[in-house]
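Structure first, then comments.
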Amino acid sequence: MDISAVNALSYEDFVNIFGNVVEKCPLITAAVWTSRPFISLNALEATINEFIDALPESGKEGILRCHPDLAGRDLHSGTLTRESREEQARAGMDALSSAEASRVARLNEEYKRRFGFPFVICARTTDKTRIWRELSERCQNARAAEMARGIEEVKKICRLRLQGLVLSDAPNKL
Ligand SMILES: NC(=O)N[C@H]1NC(=O)NC1=O
């Protein structure tokens, strides 16, 4: 689908197709629909990012809380969204040893206990080793820094999901 086809979508089709570019936050997609027509994929992405940036802290925390833990309950119970399942699988989260699974569960809980929202990282741009390292290191950050970093990771995830849905006229790099 190219950007002209995106602009021609009905509201319902737009939300059905793009409603999960930010995990479990179709409200964002519904809100940016009114900004069409988009001159490019980058413009659509920028509109989503601007909407996110304009949210109060509580809204940004809400976006982070909509994200499933890496190798967490949703993965084990098969209730991840298709996008999250594919992303987590690519980072090896579905093939952990029991020791690794226990470690990531413990680190996720420690992170959530400290910040009140889950650790979020763009799994498609990293790997298991870097996830371990980032999860440990980022746990030491200040809450405000982690809120900002988590939202930046959400935007990376969103960009890759958009690129999977819309033909871009220029090669986007993360
Ligand atoms: N917690 C977390 O980062 N989850 C997300 N990351 C990603 O790339 N896909 C996810 O499900």
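Atoms within each ligand, like the ligands themselves, are counted from 1 in listed order. Nothing fancy with the numbering, it's 1 onward along the sequence.
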Inset, instruction - Answer with yes or no whether the side chains of T81 and E23 bring together a donor and an acceptor at under 3.5 Å. - result: yes
Legend entry - Flag, side chain of R90 to backbone of R124, donor-acceptor distance under 3.5 Å: no
Legend entry - Check: L80 main-chain N/O paired with S84 side-chain donor or acceptor under 3.5 Å: no
Inset, instruction - If the plane angle is over 60° it's perpendicular, under 30° parallel, otherwise tilted; pick one for F18 and F14. - result: tilted
Determine all donor-acceptor pairs shorter than 3.5 Å in which one atom belongs to a side chain in residues 2-10; sequence neighbours excluded.
| from | atom 1 | to | atom 2 | distance (Å) |
| --- | --- | --- | --- | --- |
| D2 | OD1 | S4 | N | 3.2 |
| D2 | OD1 | S4 | OG | 2.7 |
| D2 | OD1 | A5 | N | 2.9 |
| D2 | OD2 | S4 | OG | 3.3 |
| N7 | OD1 | F38 | N | 2.7 |
| N7 | ND2 | I3 | O | 3.1 |
| N7 | ND2 | F38 | O | 2.9 |
| S10 | OG | D13 | N | 3.0 |
| S10 | OG | D13 | OD2 | 3.3 |

Legend entry - Exceeds 12 heavy-atom contacts within 6.0 angstrom, atom CZ of R143: yes
Quick check on ligand 1: any N or O pairs to the protein under 3.5 Å? One line per pair.
| from | atom 1 | to | atom 2 | distance (Å) |
| --- | --- | --- | --- | --- |
| ligand 1 | 1 (N) | P68 | O | 2.8 |
| ligand 1 | 1 (N) | F119 | O | 2.8 |
| ligand 1 | 3 (O) | I121 | N | 2.9 |
| ligand 1 | 3 (O) | I121 | O | 3.1 |
| ligand 1 | 4 (N) | P68 | O | 3.2 |
| ligand 1 | 6 (N) | I121 | O | 2.8 |
| ligand 1 | 8 (O) | I121 | O | 3.4 |
| ligand 1 | 8 (O) | A123 | N | 2.8 |
| ligand 1 | 9 (N) | E87 | OE1 | 2.8 |
| ligand 1 | 11 (O) | S84 | OG | 2.9 |
| ligand 1 | 11 (O) | Q88 | NE2 | 3.2 |

